[in-house]
There are 2 protein chains.
Amino acid sequence: MTEPTERPETSATQRAYFAIRNMIVTGNLDPGEKLKIDGLRQRLETGASPIREALSLLTSDYLVERIDQRGFRAAPISGTNFQEILALRCTLEDMALRQSIAAATTEWEEAVVLAHHRMQRAYENGDSRFEDLHKQFHMALLAQAGSPILLKFCSQLYDLNIRYRYLAGSSQDYKSRDVSDEHAGILKAAVARDADLAAAQLVSHYRRTGSYLAGFFGEPR
Amino acid sequence: MTEPTERPETSATQRAYFAIRNMIVTGNLDPGEKLKIDGLRQRLETGASPIREALSLLTSDYLVERIDQRGFRAAPISGTNFQEILALRCTLEDMALRQSIAAATTEWEEAVVLAHHRMQRAYENGDSRFEDLHKQFHMALLAQAGSPILLKFCSQLYDLNIRYRYLAGSSQDYKSRDVSDEHAGILKAAVARDADLAAAQLVSHYRRTGSYLAGFFGEPR
DNA sequence: TTTGAGGAAAATATCGATTTTACGGCCGGT
DNA sequence: ACCGGCCGTAAAATCGATATTTTCCTCAAA
């Protein structure tokens with residue numbers, strides 16, 4: 001239920017969960033849009049139960065809201081919400097990365113290098129899996145923190161953030177920045193076990209995309 | 001779905017959610033125990049759908065685990081898990097409390113004082129609502145941080161922590177400590193807008209109960 | 001005695017249908 | 001013409017039942 005890449009799912013609930021989640025994150029479903037059970041049921045060719053269960057799960061990911069007894073809707077967006085996500089993300093990932101580096105092992109280091117390579121390769125090839133691999137790289141950096149709950153928090157915030165990026169329709173502009181250099185810098189500092197440098201670069205990496213996106217959603221005070 | 005106190009629920013899903021959640025938190029359902037749909041269905045006198053939906057929601061609260069195609073079970077416990085919760089709680093609540101005090105208003109201050117009074121009153125009367133009011137006091141402290149997601153994280157961690165307290169069967173021992181003084185100290189510092197002092201007392205408050213409980217679950221390195 | 005395969009029993013996941021609830025327009029009253 | 005309450009429609013929530021999967025027990029063979 002955590003890895004978006006492992007797609008040999010079997011249960012209808014999982015299929016519905018990932019499908020709806022993807023639709024919301026990529027903007028295929030508009031923020032605030034009413035999510036009718038029957039509509040999704042037909043669209044995904046499944047029963048009502050898996051849909052309801054999937055929506056319940058997405059509720060806890062802050063991607064879906066449940067209203068009284070009137071069903072579900074895609075979570076709305078706002079500038080303050082975006083700022084909150086950005087700020088939380090910086091704080092939590094900074095913490096997680098420091099813990100990760102403090103507990104660094106050879107295995108972790110190799111996993112990070114590997115994740116980076118795969119992401120970079122997909123980037124150069126224009127592979128559509130880049131988004132998934134990008135997330136996996138960032139998560140690999142934090143994995144050694146040894147705090148599953150913290151990791152899940154970061155994962156959720158990552159998805160919320162990427163949703164705003166999709167909604168701004170800026171996947172291209174975003175990539176055209178020199179994110180590759182930024183990723184390389186983070187990787188280098190992490191491998192060198194330089195927690196301060198790595199964390200600083202990571203946070204700066206986020207704030208840069210953040211300030212870019214902030215224009216689209218209004219900057220609250 | 002957030003406030004445990006507002007009990008005029010209508011939907012079967014909500015009833016099931018709070019009922020099962022309460023059973024897990026208070027130890028009425030053992031950690032790791034298999035949660036059979038049919039058993040719960042009879043126990044709560046409802047259909048299978050609300051049960052499944054409630055369990056799905058609890059999954060995201062880390063109180064229930066879903067396994068492959070083999071149903072659900074109550075989340076297991078461990079010393080490392082407890083330590084993780086404690087550490088995360090200290091970090092996140094420290095942050096939230098500082099933000100809350102930084103954005104303090106008269107309304108917030110009054111709400112905090114009120115929440116403390118209610119909790120204290122219930123404590124002196126041996127009122128069973130103490131646990132709920134205790135949580136409400138702590139959440140009131142953080143409410144002004146203006147970060148709903150952070151608040152929810154703290155709320156989840158609070159529930160996970162209180163579960164360990166119940167499992168240690170130490171509700172009494174816990175209360176017999178001078179928690180009243182600790183709460184009063186936090187309240188005083190918060191009202192005085194002394195973020196450093198308030199945060200320090202809050203964290204120390206948690207660590208004290210934490211080190212007490214650590215003995216029950218083993219201290220991982 | 002242990003191991004492995006087969007089958008029966010139980011539990012889960014899913015579906016289709018029923019019941020309940022909320023919303024929007026209509027009608028009558030003021 | 002406007003306001004308030006009633007009814008029809010649509011959607012959600014829930015239930016009962018089915019099909020599929022898993023588990024456990026038994027029995028036979030090594």
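For clarity, every value in this text was computed on a predicted model and none was experimentally measured. Order of the sequence lines sets the chain letters (A, B, ...), proteins ahead of strands, with each chain counted from 1.
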Original post:
By salt bridge (Lys or Arg N to Asp or Glu O under 4.0 Å), which residues pair with A:R43, not counting sequence neighbours?
Top reply: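 Expected list: none.
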Regarding [X] and [Y], do their side chains bring together a donor and an acceptor under 3.5 Å, going by distance alone?
X: B:D159; Y: B:Y62; result: no
X: A:S11; Y: A:T13; result: no
X: A:Y206; Y: A:E93; result: yes
X: B:Y17; Y: B:D61; result: yes

Whole Å only: how far is the [atom1] atom of [X] from the [atom2] atom of [N]?
X: B:E53; N: C:dT12; atom1: CD; atom2: P; value: 17 Å
X: B:Q14; N: C:dT21; atom1: CD; atom2: C1'; value: 15 Å
X: A:Y17; N: C:dA13; atom1: OH; atom2: C1'; value: 19 Å
X: B:R52; N: C:dT12; atom1: CZ; atom2: C1'; value: 7 Å
X: A:R73; N: C:dC23; atom1: CZ; atom2: C1'; value: 16 Å
X: B:I67; N: C:dA11; atom1: CD1; atom2: C1'; value: 12 Å
X: A:L55; N: D:dA11; atom1: CG; atom2: P; value: 16 Å
X: B:I51; N: C:dA11; atom1: CD1; atom2: P; value: 15 Å

Think [X] has a side-chain N or O under 4.0 angstrom from the OP1 or OP2 of [N]?
X: A:K36; N: D:dA10; value: no
X: A:R70; N: C:dT21; value: no
X: B:T13; N: D:dA13; value: no
X: A:Q69; N: C:dA22; value: yes

_Set out, in order, the CA-CA distance, both residues' side-chain angles and the distance that settles side chain to side chain contact (heavy atoms under 4.5 Å, CB included) for B:Y164 and B:N81, then state yes or no._
CA-CA 10 Å; B:Y164 277 91; B:N81 180 246; 2.6 Å; yes
**Message:** Return whichever of B:F72 or A:D68 has its heavy-atom-nearest nucleotide of DNA chain C closer to the 5' end.
**Reply:**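 Its nucleotide being nearer the 5' end, the pick is B:F72.
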Assess whether a salt bridge exists between [X] and [Y], defined as any Lys/Arg side-chain N lying under 4.0 Å from an Asp/Glu carboxylate O.
X: A:R70; Y: A:D68; value: yes
X: A:R52; Y: B:E53; value: yes
X: B:R41; Y: B:D38; value: yes

task = Give me the bend of the helix from C:dT1-D:dA30 to C:dT30-D:dA1, using the axes of the five pairs at each end, rounded to 10°.
result =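 One end's axis against the other's: 10°.
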Per-nt protein contacts along nucleotides 15-20 of chain C (heavy atom under 4.0 Å; B base, S backbone sugar-phosphate only, - none) come out as B-----
Step through it carefully: locate the ring centre of B:H116, locate the ring centre of B:H134, and say whether they are under 6.0 Å apart.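 No - the distance between ring centres of B:H116 and B:H134 does not fall below the 6.0 Å cut-off.
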- Message: What contact category does A:L35 fall into here, base, sugar-phosphate, or nothing, at under 4.0 angstrom with non-hydrogen atoms?
- Response: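 Sugar-phosphate: the residue A:L35, judged by heavy atoms under 4.0 Å, touches backbone atoms but no base.
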Which one, D:dT23, C:dT12, D:dA12, comes nearest to the side chain of A:K34?
->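 Nearest listed nucleotide: D:dA12.
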